[in-house]
Structures are given as C-alpha cells and as structure tokens.
Amino acid sequence: MTLPLAGSLVASLALLATSLPAQAQLGGLLRGRNAVQAATVEGCASGSSSNVGSRIVGNLLGGAARDAASRAGVSSFVPMAEFSDQLSTAIACKLDPEEQQQAADATLEATRGTGEDGLGAPVIGTSSSWQSNTRSDVSGTSTVVGAADGSADGLECITVSDVIIVSGEETRADKRMCRRPGSARYSIAV
C-alpha cells in the first residue's frame with residue numbers, strides 16, 4: 001500500500017467513525033437510559049443520570065471501583081428472579097446465587113404452615129437459619145415476627161424478618177408475605 005492510499009483510507013475510516021452516533025463509537029461506555037433503568041429494576045443498582053457525560057464518568061469510575069472491590073473481596077450480586085417472591089432485594093444483593101437459594105429455603109421453612117396439610121398459620125417466632133456453603137463468613141436467619149388480621153381481599157399475611165451477616169456486617173430486612181386461602185406457600189406482597 002502506498003502512503004497516499006493508506007492516508008486516505010485512515011481519513012475515510014475517521015470520517016465514518018465520526019458520523020456514527022456516540023453510542024456506536026463508544027459501545028459499553030455509553031449506556032442508554034433503558035440499560036440504567038434495567039439495572040435499577042434488578043434492584044442492586046440505584047440512581048441514574050440524564051447527563052451523558054455523567055454516565056460516562058460514572059461508568060468509568062464504577063468499573064474501577066468494582067475492580068478494586070472485587071480484588072478486596074467485596075462483592076455485589078444480582079438478585080435471582082426465581083427467588084424474588086421469597087427474598088427482598090436488600091438481602092439478595094449481598095448474597096451469591098447459592099446463598100440466595102439457601103436464604104429462600106430458610107424463608108420457606110420458617111413460613112411453613114402448621115397442621116398436616118401445612119395450611120395452618122405459621123407460629124410467630126418460628127425461625128430457620130442457614131450457613132453459606134460458599135463463603136465461611138456468611139449466614140442468615142428468617143423469622144416470622146408478626147401476623148396480620150384477615151384482609152378484605154382474603155389474603156393471609158405475615159411479617160418475616162430476614163437477618164444476614166456478611167463479613168461481620170449485619171443486614172436486616174422485614175418483608176410482608178401473603179398467601180391465598182388454601183395455598184401452602186407465602187410470597188412477598190408488593
């Protein structure tokens with residue numbers, strides 16, 4: 001390739017790149033509003049900025065912070081959809097997928113109804129604890145702490161308190177859980 005031909009090829013590519021929208025040029029650095037909102041829907045990320053420059057700087061700094069945190073052993077996890085009816089986001093964001101399963105199982109155990117058919121109300125004070133199989137410094141407990149009087153829509157509701165300890169830091173989240181009459185399983189009420 002001759003020098004003038006190489007120069008015009010480079011110039012053509014530069015012109016082509018400048019005609020592309022910023023999103024296409026910078027790829028993952030510029031996320032559209034939908035991507036920011038999707039992260040918020042998952043629950044672990046929060047806040048969004050309408051300013052593109054703020055998002056670029058935020059993504060760069062956030063990436064550096066996540067890298068530093070992961071090197072230091074601090075993590076944030078994405079709540080698994082399959083446990084969203086049993087775990088609050090505040091709890092799920094601090095647990096890896098296997099721990100989320102363990103915490104959801106503990107909630108199911110604590111909220112299991114009384115009687116042979118399991119349809120009786122769970123006893124207030126009933127709790128179930130778990131110890132992580134993946135991290136030695138993670139554990140949790142789900143405890144039934146209250147029952148609501150019958151609601152107009154026929155739902156039976158209880159309050160469950162989840163407590164997890166991750167690296168010595170306690171996180172507590174209460175959740176209102178309901179079930180339809182005749183159903184054995186409680187789910188988080190929204």
Side-chain angles (χ1 to χ4, degrees), residues 35-47 59 61-149 151 155-190:
V36 172
Q37 290 171 348
T40 302
V41 168
E42 289 296 328
C44 293
S46 63
N59 285 333
L61 293 176
R66 278 188 300 277
D67 289 345
S70 67
R71 275 186 251 119
V74 178
S75 306
S76 176
F77 298 98
V78 176
M80 305 291 290
E82 63 197 88
F83 308 124
S84 64
D85 66 334
Q86 298 295 307
L87 296 180
S88 66
T89 302
I91 297 293
C93 285
K94 297 184 181 218
L95 302 175
D96 69 30
E98 187 174 330
E99 293 163 346
Q100 289 179 43
Q101 173 74 59
Q102 290 180 274
D105 289 345
T107 295
L108 289 172
E109 179 69 29
T111 60
R112 185 167 290 134
T114 57
E116 287 184 26
D117 58 3
L119 298 179
V123 176
I124 294 175
T126 301
S127 66
S128 179
S129 298
W130 58 274
Q131 177 71 44
S132 174
N133 294 328
T134 57
R135 297 186 288 173
S136 62
D137 60 346
V138 178
S139 62
T141 303
S142 289
T143 305
V144 178
V145 295
D149 292 333
S151 63
L155 295 177
E156 299 171 9
C157 298
I158 58 175
T159 301
V160 177
S161 180
D162 283 341
V163 177
I164 61 166
I165 298 173
V166 178
S167 301
E169 181 183 331
E170 181 178 290
T171 301
R172 179 180 303 269
D174 287 347
K175 56 192 174 191
R176 181 173 181 255
M177 301 186 78
C178 298
R179 70 177 177 183
R180 298 220 174 273
S183 174
R185 184 173 171 168
Y186 285 88
S187 296
I188 292 178
V190 280

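These numbers come from a predicted model, not from an experiment.
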Practice prompt. Give a yes or no on whether the backbone of Ile164 and the side-chain of Glu170 come within a donor-acceptor separation of less than 3.5 Å.
Written response: no
Discussion item. Could you tell me if Gln86 and Thr107 have a donor-acceptor pair between their side chains, going purely by distance under 3.5 Å?
Written reply: no
Practice prompt. Working to the nearest 0.5 Å, report the span between OG of Ser88 and NZ of Lys175.
Written response: 6.0 Å
Worksheet, complete the sentence: Interatomic distance, CZ@Arg172 vs CD1@Ile165, rounded to 0.5 Å, equals 9.0 Å
Discussion item. Are the side chains of Val160 and Thr111 in contact, using a 4.5 Å heavy-atom criterion?
Written reply: yes
Fill in: Side-chain heavy atoms of Ile158 within contact of Pro122, under 4.5 Å
yes
Fill in: Trace of the side chain to side chain contact (heavy atoms under 4.5 Å, CB included) decision for Phe83 with Asp105
CA-CA 9 Å; Phe83 308 124; Asp105 289 345; 5.9 Å; no
Worksheet item: Could you state the interatomic distance from CE (Met177) to CG (Leu155), rounded to the nearest 0.5 Å?
Response: 12.5 Å
Fill in: Point-to-point distance, once rounded to the nearest 0.5 Å, from CZ of Arg135 to OG of Ser167
6.5 Å
Discussion item. Between Glu156 (side chain only) and Ala121 (backbone N and O only), is there a donor and an acceptor less than 3.5 Å apart?
Written reply: no
Worksheet item: Backbone N or O of Leu95 within a donor-acceptor pair of the Gln100 side chain at under 3.5 Å?
Response: yes
Discussion item. Tell me whether Lys94 is salt-bridged to Glu169, with the criterion being a basic N under 4.0 Å from an acidic carboxylate O.
Written reply: yes
Discussion item. Using a 3.5 Å distance criterion without hydrogens, assess whether the side chain of Ser183 forms a donor-acceptor pair with backbone atoms of Arg179.
Written reply: no
Fill in: From OG1 (Thr134) to CG (Asp96), nearest 0.5 Å
3.5 Å
Worksheet item: Do Asp174 and Ser161 have a side chain donor and acceptor closer than 3.5 Å?
Response: yes
Item to complete: Check step by step if side chain to side chain contact (heavy atoms under 4.5 Å, CB included) holds for Asp85 and Ile188.
Response: CA-CA 5 Å; Asp85 66 334; Ile188 292 178; 5.6 Å; no
Worksheet item: Rounded to the nearest 0.5 Å, how far does OG of Ser136 lie from CD of Gln131?
Response: 7.5 Å
Discussion item. Is it the case that the side chain of Gln102 and the backbone of Asn133 share a donor-acceptor pair, with hydrogens and angles ignored and the cut-off at 3.5 Å?
Written reply: yes
Worksheet item: Is it true that the side chains of Thr143 and Thr141 contain a donor and an acceptor less than 3.5 Å apart?
Response: no
